[in-house]
Amino acid sequence: LRVPGNWETQGVKVPEYGRDLSELTGHYRRTFQWQEQWQGRDVVLRLDGMQNGFTATINGHEVGSGHSGKTMYQFAITPYLINGRNEISIDLTTHSRYWLFDACDAWSLTGICRSVELFSVPKEASLTDVIFSSKVRQDNSAYIKIHVKVNGGSMVSASLIDERYNHVCDMRGQVQGDSVVMTAHLQHPRLWNAETPNLYRLDVKLCDSEGRCLQSIEEKVGIREVRVEGCKV
């Protein structure tokens, strides 16, 4: 099977609707080589979308599981790796713990439907989570907040970059405990909506006390706010 991909469009099963989804399990397996650049670092397995639930193993050791089809999962796998050929296997099931929510009023598209990735981070410090939120005002300006969770490090910087590579804003904050919170006010942001899904690039860097970059990540983010007004329950 192609990965990313789904069973229905690759001829493995017929499409099924809603609660009619059959209880099936697929077994994925492949090998990969130990990389020299992983030496002295922590290796992470990232699964971006597993429809509907899964259990993942490395060299026969279970490293994690999940029960929601569109949720991203990350697992530390360094203790299970060997210097040479390694094997990853994933048992993917249609009837996970929350499968009725994922299959509610929709055609099923089962399988590893998003990317699978291996990457490494420094042992001494790393980014553990980045949460981006925005609040749009009546004049269409916006407040943005970036909440960064870390494991070590001294300083975090963040840049919001538009499609023409202009830096819309640059922020910086000192690590306090295990997190950093940075905020900014944008006077004229390009808002995200269904007709014009404008996206910005968010670059986040974790640095040590000497300013040396330990880890950096890049994500696509949209500025919008969804709210319900005048609703009576």
Side-chain angles (χ1 to χ4, degrees), residues 4 6 15-21 46-54 66-74 94-110 113-115 127-150 156-206 216-233:
N6 57 68
E16 295 172 291
Y17 194 85
R19 295 174 179 265
D20 294 331
L21 179 61
R46 171 171 169 155
L47 307 172
D48 281 347
M50 316 289 287
Q51 198 78 33
N52 292 314
F54 71 94
H67 306 282
S68 180
K70 300 302 183 183
T71 300
M72 185 271 288
Y73 295 90
Q74 291 187 168
T94 57
H95 282 202
S96 63
R97 184 182 302 172
Y98 308 117
W99 75 274
L100 285 173
F101 176 82
D102 287 320
C104 178
D105 195 24
W107 289 98
S108 65
L109 291 176
T110 311
C113 55
R114 292 177 177 170
S115 297
L127 298 164
T128 60
D129 199 6
V130 176
I131 303 170
F132 176 89
S133 59
S134 59
K135 184 174 181 60
V136 180
R137 303 183 63 186
Q138 290 185 350
D139 61 359
N140 281 339
S141 68
Y143 285 100
I144 63 170
K145 181 171 74 172
I146 302 170
H147 185 188
V148 182
K149 298 180 181 180
V150 300
V156 173
S157 64
S159 296
L160 199 65
I161 303 169
D162 67 15
E163 72 279 3
R164 296 184 178 180
Y165 303 100
N166 297 312
H167 280 236
V168 176
C169 69
D170 296 296
M171 294 162 281
R172 180 174 297 185
Q174 295 293 324
V175 174
Q176 303 291 333
D178 63 353
S179 65
V180 177
V181 177
M182 296 168 286
T183 61
H185 180 221
L186 306 181
Q187 291 287 350
H188 305 288
R190 291 172 58 83
L191 302 180
W192 188 101
N193 59 55
E195 289 74 29
T196 55
N198 299 304
L199 292 176
Y200 291 88
R201 192 182 83 201
L202 176 65
D203 289 346
V204 179
K205 292 182 173 63
L206 174 64
S216 63
I217 65 167
E218 174 185 311
E219 298 287 351
K220 294 288 188 180
V221 297
I223 298 174
R224 68 168 181 170
E225 181 178 357
V226 178
R227 60 182 178 267
V228 177
E229 296 179 350
C231 178
K232 295 182 180 180
V233 178

[atom1]-[atom2] distance between [X] and [Y], expressed to the nearest 0.5 angstrom:
X	Y	atom1	atom2	answer
Leu202	Cys169	CG	SG	8.5 Å
Asn6	Ser108	CG	OG	8.5 Å
Asn52	Thr110	CG	OG1	6.0 Å

Under the rule for side chain to side chain donor-acceptor pair (under 3.5 Å), what residues qualify as partners of [X], not counting sequence neighbours?
X	answer
Glu16	Lys13, Ser22
Ser68	Thr71
Asn193	Thr196

Taking only residues two or more places apart in sequence or in another chain, which ones pass ring-ring contact (aromatic ring centres under 6.0 Å, His included) with [X]?
X	value
Tyr200	none
Tyr98	none
Trp99	His95
Phe54	Tyr73

Name each donor-acceptor pair under 3.5 Å that joins a side chain in residues 171-191 to protein atoms two or more places apart or in another chain, with its distance.
from: His185; atom 1: NE2; to: Ser141; atom 2: OG; distance (Å): 3.1
from: Arg190; atom 1: NH2; to: Asn198; atom 2: OD1; distance (Å): 2.9

Does any non-hydrogen side-chain atom of [Y] lie less than 4.5 Å from one of [X]?
X	Y	answer
Leu160	His167	no
Pro4	Ser115	yes
Met50	Lys70	no
Val221	Leu199	no
Arg201	Glu219	no

I need the minimum non-hydrogen distance between [X] and [Y], along with the two atoms involved.
X	Y	value
Gly222	Trp192	CA-CB, 4.2 Å
Ser216	Lys205	CB-CG, 3.7 Å
Thr128	Val150	OG1-N, 3.6 Å

Atom CZ of residue position Phe101 - does it have more than 12 heavy atoms of other residues, nucleotides or ligands inside 6.0 Å? no
Would you say Lys145 has more than 12 foreign heavy atoms packed within less than 6.0 Å of its NZ? no
Taking salt bridge (Lys or Arg N to Asp or Glu O under 4.0 Å) as the test, write out the residues that go with [X], two or more places apart.
X	value
Asp48	Arg46
Glu229	Arg227
Lys135	Glu225

Residues in side-chain contact (heavy atoms from CB on, under 4.5 Å) with Ile131, at least two apart? Asp129, His147, Lys149
Could you walk me through whether Ile161 and Val168 pass the side chain to side chain contact (heavy atoms under 4.5 Å, CB included) test, one step at a time? CA-CA 6 Å; Ile161 303 169; Val168 176; over 6 Å; no
So, does Ser134 use its side chain to make a donor-acceptor pair with the main chain of Arg224 at under 3.5 Å?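 Side chain of Ser134 to backbone of Arg224: a pair is present.
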Does Ser96 use its side chain to pair, donor to acceptor, with the backbone of His67 at less than 3.5 Å? yes
Side chain to side chain contact (heavy atoms under 4.5 Å, CB included), that's the test. Do Leu206 and Val204 meet it? Break it down for me. CA-CA 7 Å; Leu206 174 64; Val204 179; over 6 Å; no
